[in-house]
Amino acid sequence: MNNFNFIMMILLLITQVATSVMPIAGRGFIDVQEGSMGSLVLLLLSVPFLYIIIIANFFKSRKLDSIAIYFLIFFAYMAISGLTYFIPGYPFKDVLRAIVFASTSIAFFLAAYYATMNSVKVQKYLPKLYLVYFAISVVIFVILLRDNMSYVHVRQVKETYMMFLIFPWILIAGNAVVRNAGIVLVGLLAVFSRKRGAVLDYVLAVPTFFFVKNFFIENRYKFLYIFGTPVFIASIFFILYYFSGDTLDLVIERFNAIGDDGGSGRSDMYALTWDLFLNEDFLYKIVGSGYYYIKMNIQAFYVHNDFLEILVSYGIIGFGLLCLILIAMIRHCIFLIRTGNRFAPAFAASIVIYFIMMNISVVYFGVGANSSFFAFFGYIFATTGRAGLPEAEGQYHPYLQQPSYTNYYR
C-alpha cells in the first residue's frame, strides 16, 4: 500500500492543481459557486481518487483515532441524507451533488488520513508536495489580483481562500527560511485580498503559532514573542501602507463597515437560517432538513456559518458530530503540546483558522479551497495519532518516544 497510496495522493494533488490553473486559461468563465465549472471539474476529477484511497485502505487500517471515526460516521450520514433526494422527477446531477459534494471535504480528510497512515512515502513527501501547490496558488492569486483589484472579483475571492487554507502546510515546513517567508507572504496576500476573514484569521493564527512554539515547544524567546508579535504585525501593515496605501485604506474601510453591511449580509442570512431551524418539525430538527433546504428557502448557496448550516441541513445529529470533531481537535492539540510534538504550533494555529472560518465563512461545503485544509488535518492525525506510523526522517511517534523537538525550528 506504500507506493499505491503515494501515487494516488499525487494524482489527487494534480487534479487540485489542474482546477486551480483553469481560471487563467478562461478568465471569467470559471466561477466559485457550487454549480460552477471549476467546482464541478474538481469534484469529477478528485472523487474517484478520494473514494479509491478510502475504500482500498478501509479494511487494512489499524485502530482509528476517534476523530476519524466521527468523520466516517458524518461521511456516511451526509450520504444517507443526500439519498432522500432520490425521488422521481428530481435531477440526477442534483441528487449526486447532495450525496457527494457535501461530503467532499470529509473525504479529503479520510483520504489523507488513510494514505498517510499506511504509507511512509506519503508521510515524508506530502508536506513538500503541498508547498509546491502553495507556490502555484500564490502565482494564480497574483495573476488574478493584477487583472482585477476589486475584492468582489469572484475568482479572486476563491483564490484567496485556496491560497490561505494551504497555510497550515507552510507552518510545518522544516526549513525556517521557507516557513518564515511563507508566513510573511501569506500576510501580505491576505491584506491585498481585502477579505476581512482572511485578515482576521491571519492576525490570530500567526500569534497562536509563535505562542505555542516559543512558550511550550522550544521554551525560549518568550520576551521576543511578547514584544515582537505586535511589531511584526505592525510592520506588515506599514509595508503595505508604504507601497500600497490605497489597499490598506480599503481593508480598514471594510472592517469599519461591518456594522453597516452586517458582514456582507451575513447577519441577515444567520437570522433567516436560525428561523428556518426554529420553525421546522421536531423530527427535522433532529435528523436535518437536507442539503438543499437552506438554498431553496433563503436563496443563497451558503450561509457562511457552517455551524448553522450543518444544524439545519443535518440536524442535531450532524451538529453533535461537528462538536465531537471540534472537541477531538482541541484534545489532540493539548496532547501534542504536552508531548512537545513539533506539529503542535501549526496544529494550534490551524484550529484557530478552522473555528473562525466555521463562524464567518465556508469550510465544509466550499469544494476546492477547503480540500488542502482537511488534508492537513488528516495528515496530522495520521502522523501523530494513536494509529499513526513513526514519523519520517528520524522523527519518532509521540506514543513511542518523547524526543525533544527544540532544534526543529532553528
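Because the structure is predicted, anything quoted here is derived from the model rather than measured. Every heavy atom of this structure was used, including side-chain atoms; hydrogens, water molecules and symmetry mates were not.
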Could you check F377 against Y113 for ring-ring contact (aromatic ring centres under 6.0 Å, His included), going step by step and ending with a plain yes or no?
-> CA-CA 8 Å; F377 282 123; Y113 179 81; over 10 Å; no

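- The CD1 atom of I106 sits 5.0 Å away from atom CZ of F74, with the distance rounded to the nearest 0.5 Å.
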Apply the test side-chain contact (heavy atoms from CB on, under 4.5 Å) to residues V362 and H304: give CA-CA distance (whole Å), side-chain angles for both, the deciding distance (0.1 Å), then the verdict.
-> CA-CA 5 Å; V362 182; H304 287 81; 4.2 Å; yes

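- Atom OG1 of residue T208 and atom CD1 of residue I351 lie 10.0 Å apart, to the nearest 0.5 angstrom.
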After noting the C-alpha distance and the side-chain angles of Y291 and Y85, does the key distance pass the ring-ring contact (aromatic ring centres under 6.0 Å, His included) rule?
-> CA-CA 9 Å; Y291 179 68; Y85 290 100; 7.6 Å; no

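- Atom-to-atom distance recorded for N297:CG and L276:CG is 5.0 Å, nearest 0.5 angstrom.
- The line from CG of N57 to CG of L110 is 10.5 Å long, rounded to the nearest 0.5 Å.
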How far apart are the C-alpha atoms of F307 and F277, what are their side-chain angles, what is the distance that settles it, and do they pass the ring-ring contact (aromatic ring centres under 6.0 Å, His included) test?
-> CA-CA 12 Å; F307 287 108; F277 177 75; over 10 Å; no

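- Between N118 and N2 the shortest side-chain heavy-atom distance does not fall below 4.5 Å.
- Counting only distance, with no hydrogens or angles, the side chain of D281 and the backbone of L283 share no donor-acceptor pair below 3.5 Å.
- Put simply, the side chain of N305 gets close to the backbone of N359: a donor and an acceptor are under 3.5 Å apart.
- A 4.5 Å side-chain heavy-atom check between W274 and V312 finds every atom pair outside the cut-off.
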I would like to know whether T116 and F381 meet side-chain contact (heavy atoms from CB on, under 4.5 Å); could you show each step before the answer?
-> CA-CA 9 Å; T116 304; F381 273 96; over 6 Å; no

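- Looking at S105, its side chain does come within 3.5 Å of a backbone N or O of Y364 through a donor-acceptor pair.
- Side-chain contact between I334 and R331 is absent, with no heavy atoms from C-beta onward closer than 4.5 Å.
- The side-chain hydrogen bond (donor to acceptor under 3.5 Å, both in side chains) search around K285 returns none, not counting sequence neighbours.
- Closest heavy-atom contact between V352 and D201: O-OD1, 4.3 Å.
- Taking the six-membered ring where tryptophan is involved, the planes of F343 and Y379 are perpendicular, since the angle between them exceeds 60° and thus also 30°.
- When all heavy atoms of G82 and V95 are compared, the closest pair comes out as O-CG1, 4.1 Å.
- Within the 4.5 Å cutoff, side-chain heavy atoms of L72 are placed close to those of L64.
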Using the side-chain contact (heavy atoms from CB on, under 4.5 Å) rule, take F209 and V206 through it: C-alpha gap first, then chi angles, then the decisive distance, then the call.
-> CA-CA 5 Å; F209 171 81; V206 172; 5.5 Å; no

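- Here N5 contributes atom CG and I52 contributes atom CD1; the two are 11.5 Å apart, rounded to the nearest 0.5 Å.
- Looking at E309 and K295, their side chains come closer than 4.5 Å, going by heavy atoms from C-beta outward.
- Taking CZ from F4 and OG from S119, the interatomic distance works out to 10.5 Å, rounded to the nearest 0.5 Å.
- Across every non-hydrogen atom of I54 and A111, the tightest pair is CG1-N, 4.0 Å.
- Here the side chain of T84 pairs no donor or acceptor atom with the backbone of I80 at under 3.5 angstrom.
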Applying side-chain contact (heavy atoms from CB on, under 4.5 Å), run through T273 and L311 and close with a yes or a no.
-> CA-CA 9 Å; T273 305; L311 178 63; over 6 Å; no

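- Partner of F109 under the ring-ring contact (aromatic ring centres under 6.0 Å, His included) criterion, out of F374, F75, F71: F71 alone.
- Considering all non-hydrogen atoms of both residues, A107 and L50 come closest at O-CD2, 3.7 Å.
- Taking the six-membered ring for Trp and thresholds of 30 and 60 degrees, F347 and H332 have ring planes more than 60 degrees apart, a perpendicular arrangement.
- Under the 4.5 Å side-chain criterion, counting only non-hydrogen atoms from C-beta, D306 is not in contact with Y354.
- Side-chain contact between R179 and I183 is present, with heavy atoms from C-beta onward closer than 4.5 Å.
- Side-chain contact between E280 and Y293: present, with at least one pair of heavy atoms (C-beta onward) separated by less than 4.5 Å.
- Heavy-atom minimum distance, I380 versus L336: CG2-CD1, 4.3 Å.
- Here the closest non-hydrogen pair linking Y133 and S372 is CE2-OG, 3.2 Å.
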